[in-house]
Each structure stands twice: as C-alpha cells, then as structure tokens.
Amino acid sequence: MKMKIIGVIFFTLFVQFTAIAGSGLNKFPDGFRPEQVGDKLSKRFLESKHMLHDGKWIHYAEVCTWYGALKYAEAVGDKALIRQLQDRFEPLFTTEKQLQPIMNHVDLNMFGCLPLQFYQITGDKRYFDLGMPYADTQWQLPADATDSEKEWADKGYSWQTRLWIDDMFMITIIQSQAYKATGNREYIDRAAREMVFYLDELQKDNGLFYHAPDTPFYWGRGNGWMAAGMTELLRYLPADNPDRPRILEGYKLMMENLKNYQDKNGMWHQLVDAPDCWPETSGSAMFTYAMITGVRMGWLDKKEYAPVARNAWMALVPYINEDGDVTEVCIGTNKKDDRQYYYDRPRIVGDYHGQAPVLWCVFALTEKL
C-alpha cells in the first residue's frame, strides 16, 4: 500500500513537472501574455514619431521596432495592424521619400529588411524593388571605397565589415530577408560566411563578445545584437549550409553562458559580466528573444532553457510603463576603451532600441511553428 501511494505521488509530480515544462513558454498570467504586450507596444509605435539617423534617414532602431510589430501582426493574423503599419510606411514612397536611408553603412543598409518583409506579406512589388538594392549594395564595392573596404571585398566579405558586434544583426537581417524574398541562396550563404568570420574573431571562451577588438568589455546590447543576429540567421539558413554547424555552435555557447550570467530577478546587466552594473532592458530582451526562439525551434533543450527564458520575460514586462514605453534602456552607445563609460551611460525611456527587442520576444512567443 505504501509503495502504491509513493507511486501515485511520483506519477502526480511527474505529470505536474511535465505540464509545467511543456507550458513554460505557452501560458502566462494576466498582464504578461505576449498578445497583451504586443498590442500595447504596437499601438505605442503607431502613435510615435520617426527616429532619424543624423536627422536625415529612418534610424535602424525604428526599423527594428517596425519589423517587430509587423512580425507580431503576422504571427497573430492581425490584418488591421498590418494595414496600420503599411499606412505608416506608405509616405516613404512619396512625401517622405527623402527619409529612405542611403546605402553606405551597415546601420543604413539594414533598412531594406522592412520593405522586404512587407513584400512577403503583401506581394506588392514596390516593396521588393525598394528593399533589394539595400541587400545588393552591401556587397557591391562603391567607386570611392577605401583600401580597407577593398580588402574586405577581396576576401569575399561585405565591404561594410568593421568587426563591431552590432554588424551581425545589421548584415544578417537584410541578407536573410533578401534570401526569403528571392529564394537565392547567395544572400544567406554570404551572410553565414560573414557570421563565421565574426565568431572566429570575436567570441570569447565564455561565449560573450567584446564590443570591438579594441574595446574589451561585454556590453549588454552589443552582445544582444550578436545573439539576435545568430538567431535570425539560424531561422532561415538551409540545413545543408556548410557554415550552419559553426554558427549553431557559437549560438549554443553563448546561450549556455548567458544562463549563468542571468541575475536572480531574471535580467541581464548593462555589462553582462558585471553584477554591480544596472539591469538593462534592451540587451535582456535580445537575449530573451534568442532563447525563446532556440527553445521553440528545438536548438536548445526545453527543460533547461524554457524556465530561463520564461523568467526573463516575466522580469522584462514590468519595465514597460503605463504608456507602453520600455524603461531602463541604454542610450545609443559608441565603443570606448573605458569600463566606467559603460556604467555611466544614460538610461532612457521609450527608445526604439528597447521597444524593438520586446516586440521580437512577442512574435517569438506567438508565431506558429
């Protein structure tokens, strides 16, 4: 009788554990449901003004937010939201045409990912014609290229290569979208080669990345760009791509170590390896997006990583204020060989650098795989 009771208790605990593990990224309490967050942040985006690069062109952080809202709308089948996001974009064909970024830098060329995503949803060729030159010119050496840019091109890499970890989102997002829009593997294959180069040059034994080779600090959002870039690439990279195993290896190494750097509240810090540095939302959201996707795509063990990703999401949501603005976002940050510089960066509210990756988490949690 005693053994039977023990057996029943064991079975009950097993069922409960299995249910919890299986629903770790499926069921959330009121206020934390991804649809609630997605609706709130998308509405906030639609009522917000443009963010401009150098006061001239649509900023990459706005593009990232727009892309996140669009992917969320697609994931939940919200046709009204898709139309509203299109309506915001429409002036870029006409009265706001001057805000289309020029094509001479990774932060500007990535703009093309947005019209290419619109093209895949709507089939409207205007989006395709606008987006594809941003992918093509990333590998087309300009006439006024510097010697360094020529050297990168001669090696088969983008002439926009600079070995800043931010690049591995800016390059991979546009090249992946070009591949999805055309089916031409050249786009994603060359992005994969570029990613392997960055991994070999910049990833450390702890899975993290310096901001740049001459800036030996593990900046949160910078590492977030790398995590999100590997994630975006692995989503679409064909299984037979020869570089896929190396990229997956780098991704898993990073995720394994991020698990150890997560603080007790579920967040990551402005400097990832510095527990005395403040919890920062944009980098934390990027890590969360990468981990949610890894669990849902089967790259990461669900039992091990789903609780980590869930804790991160539950920690992030309270940083969204009543207006739909993400708080505790590190301001735009150039590299600097000064550790204190990263501690002292201003924290801002509602900046697209923070809005975007939370929306990525939302679509990662809601998309149907």
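Since we're looking at a predicted model, the values are computed, not measured.
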Could you check W360 against T231 for side-chain contact (heavy atoms from CB on, under 4.5 Å), going step by step and ending with a plain yes or no?
CA-CA 11 Å; W360 302 346; T231 301; over 6 Å; no

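- Side-chain atoms of Y127 and Q86, non-hydrogen and from C-beta on, do get closer than 4.5 Å to each other.
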Hey, mind stepping through R162 and E149 against side-chain contact (heavy atoms from CB on, under 4.5 Å) and telling me if it holds?
CA-CA 9 Å; R162 56 180 183 166; E149 290 167 345; over 6 Å; no

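- When hydrophobic clusters are built by joining Ile, Leu, Val, Met, Phe, Trp and Tyr residues whose side-chain heavy atoms come closer than 4.5 Å, directly or via intermediates, M132 is grouped together with Y119.
- Checking Y289 against E232 by side-chain atom types alone, a donor-acceptor pair falls below 3.5 Å.
- One finds the CG atom of D87 at 12.0 Å from the CD1 atom of I82 (value rounded to the nearest 0.5 Å).
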Evaluate the side-chain contact (heavy atoms from CB on, under 4.5 Å) criterion for residues F89 and L85: first the C-alpha distance (whole Å), next the side-chain angles of each, then the deciding distance (0.1 Å), finally the verdict.
CA-CA 6 Å; F89 194 95; L85 293 167; over 6 Å; no

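- Taking the side chain as every heavy atom from C-beta outward, R235 and W299 approach each other to under 4.5 Å.
- No side-chain heavy atom of Y60 sits less than 4.5 Å from a side-chain heavy atom of V106.
- Classification of D54 and K56 as a salt-bridged pair fails, no side-chain N sitting under 4.0 Å from a carboxylate O.
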Solution key, residues 265-275 side-chain donor-acceptor pairs under 3.5 Å, sequence neighbours excluded:
from	atom 1	to	atom 2	distance (Å)
W268	NE1	L258	O	2.8
H269	ND1	C277	O	2.2
H269	NE2	D263	OD2	3.0
Q270	NE2	Y342	O	2.9

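- Between H353 and W225, the ring-plane angle classifies as perpendicular under the 30° and 60° cut-offs.
- Between the Q177 side chain and the L114 main chain, no donor and acceptor come within less than 3.5 Å of each other.
- Checked options T288, V358, V326, I320; the residue passing with T281 is V326 (criterion: side-chain contact (heavy atoms from CB on, under 4.5 Å)).
- Contact record, A181 with L116: CB-CD2, 4.1 Å, taken as the closest heavy-atom pair.
- Annotation: K336, atom NZ; neighbour count of heavy atoms from other residues, nucleotides and ligands within 6.0 Å does not exceed 12.
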Before giving the answer on side-chain contact (heavy atoms from CB on, under 4.5 Å), spell out for M254 and F287 the whole-Å C-alpha distance, their side-chain angles and the decisive distance to 0.1 Å.
CA-CA 10 Å; M254 188 179 203; F287 298 150; 4.1 Å; yes

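- Remark: R190 engages E186 in a salt bridge, criterion side-chain N to carboxylate O under 4.0 Å.
- Aromatic ring centroids of W57 and Y134 lie 6.0 Å or more apart.
- Ring geometry for W164 against H211 counts as perpendicular: the plane angle is over 60°, on a 0 to 90° scale with 30° as the lower cut.
- Panel note: side chain N223, backbone L208; no donor-acceptor pair is recorded below 3.5 Å.
- Side-chain contact, Q117 with E74: a donor N or O sits under 3.5 Å from an acceptor N or O.
- The shortest distance between side-chain heavy atoms of R185 and D240 falls below 4.5 Å.
- To the nearest 0.5 Å, atom CD of residue Q160 and atom CG of residue N109 are 4.0 Å apart.
- Under the side-chain contact (heavy atoms from CB on, under 4.5 Å) criterion, P133 pairs with M103, sequence neighbours left out.
- F209 is not listed as a side-chain neighbour of Y198, based on a closest heavy-atom distance of 4.5 Å or more.
- Of all heavy-atom pairs between C64 and M110, the closest is SG-CE, 3.7 Å.
- In this structure, L141 and A153 approach most closely via the heavy-atom pair CD1-CB, 3.9 Å.
- Interatomic distance, CD of Q138 versus CG of N104, reported as 11.5 Å (0.5 Å rounding).
- Between the Q36 side chain and the R33 main chain, a donor and an acceptor come within less than 3.5 Å of each other.
- Taking both residues in full, the closest heavy atoms of A61 and M51 are given as CB-SD, 3.9 Å, listed atom of the first, atom of the second, then distance.
- In this structure, R246 pairs ionically with E249, as a charged nitrogen and a carboxylate oxygen lie closer than 4.0 Å.
- Hydrophobic clustering (side-chain heavy atoms under 4.5 Å, transitive across Ile, Leu, Val, Met, Phe, Trp, Tyr) groups L70 together with V76.
- L163 contributes atom CG, which lies 11.5 Å from atom OG1 of T215 (distance to the nearest 0.5 angstrom).
- In this structure, a donor-acceptor pair under 3.5 Å is absent between the side chains of Q262 and N311.
- Taking CD1 of I247 as the reference point, atom CZ of R244 lies at 8.0 Å (rounded to 0.5 Å).
- No side-chain donor-acceptor contact under 3.5 Å links R310 to the backbone of F28.
- Under the 3.5 Å distance criterion, with hydrogens and angles disregarded, a donor-acceptor pair is assigned to the side chains of T161 and E194.
- For residues 314-334, the set of pairs meeting the side chain to side chain donor-acceptor pair (under 3.5 Å) definition, not counting sequence neighbours, comprises R44-D325, E328-R347, T333-R345.
- Hydrophobic clustering, with ILVMFWY side chains joined whenever heavy atoms are under 4.5 angstrom apart, keeps L202 apart from L253.
- Listed for the R193 side chain is no donor-acceptor partner under 3.5 Å among the backbone atoms of G156.
- Aromatic ring centres of F197 and Y157 lie closer together than 6.0 Å.
- In terms of modelled atom types and a separation under 3.5 Å, the side chain of W313 and the main chain of F32 share a donor-acceptor contact.
- Taking both residues in full, the closest heavy atoms of L233 and A192 are given as CD2-CA, 3.8 Å, listed atom of the first, atom of the second, then distance.
- Enclosure of atom CZ in R83 is not indicated, since only 12 or fewer non-hydrogen atoms of other residues, nucleotides or ligands lie within 6.0 angstrom.
- Put simply, W159 and I174 are part of two different groups of oily side chains (I, L, V, M, F, W, Y) that touch within less than 4.5 Å, one to the next.
- For the atom pair CG of L237 and CG of D189, the computed distance is 7.0 Å after rounding to the nearest 0.5 Å.
- Not a single donor-acceptor pair under 3.5 Å links the side chain of R296 to the backbone N or O of L25.
- Under the 3.5 Å distance criterion, the side-chain polar atoms of E280 are matched with a main-chain donor or acceptor of S282.
- Between the side chains of D136 and Q140, not a single donor N or O lies within less than 3.5 Å of an accepting N or O.
- In this structure, a donor-acceptor pair under 3.5 Å is present between the side chains of Y72 and D39.
- With a 4.5 Å cut-off on side-chain heavy atoms, M255 and Y305 count as touching.
- Grouping the Ile, Leu, Val, Met, Phe, Trp and Tyr side chains by contacts below 4.5 angstrom, directly or via other members, places F93 apart from I102.
- Closest approach of Q203 to G250, counting heavy atoms only: NE2-O, 3.0 Å.
- Side-chain contact between L130 and F111 is present, with at least one heavy-atom pair separated by less than 4.5 Å.
- The shortest side-chain heavy-atom distance between I171 and W139 falls under the 4.5 Å cut-off.
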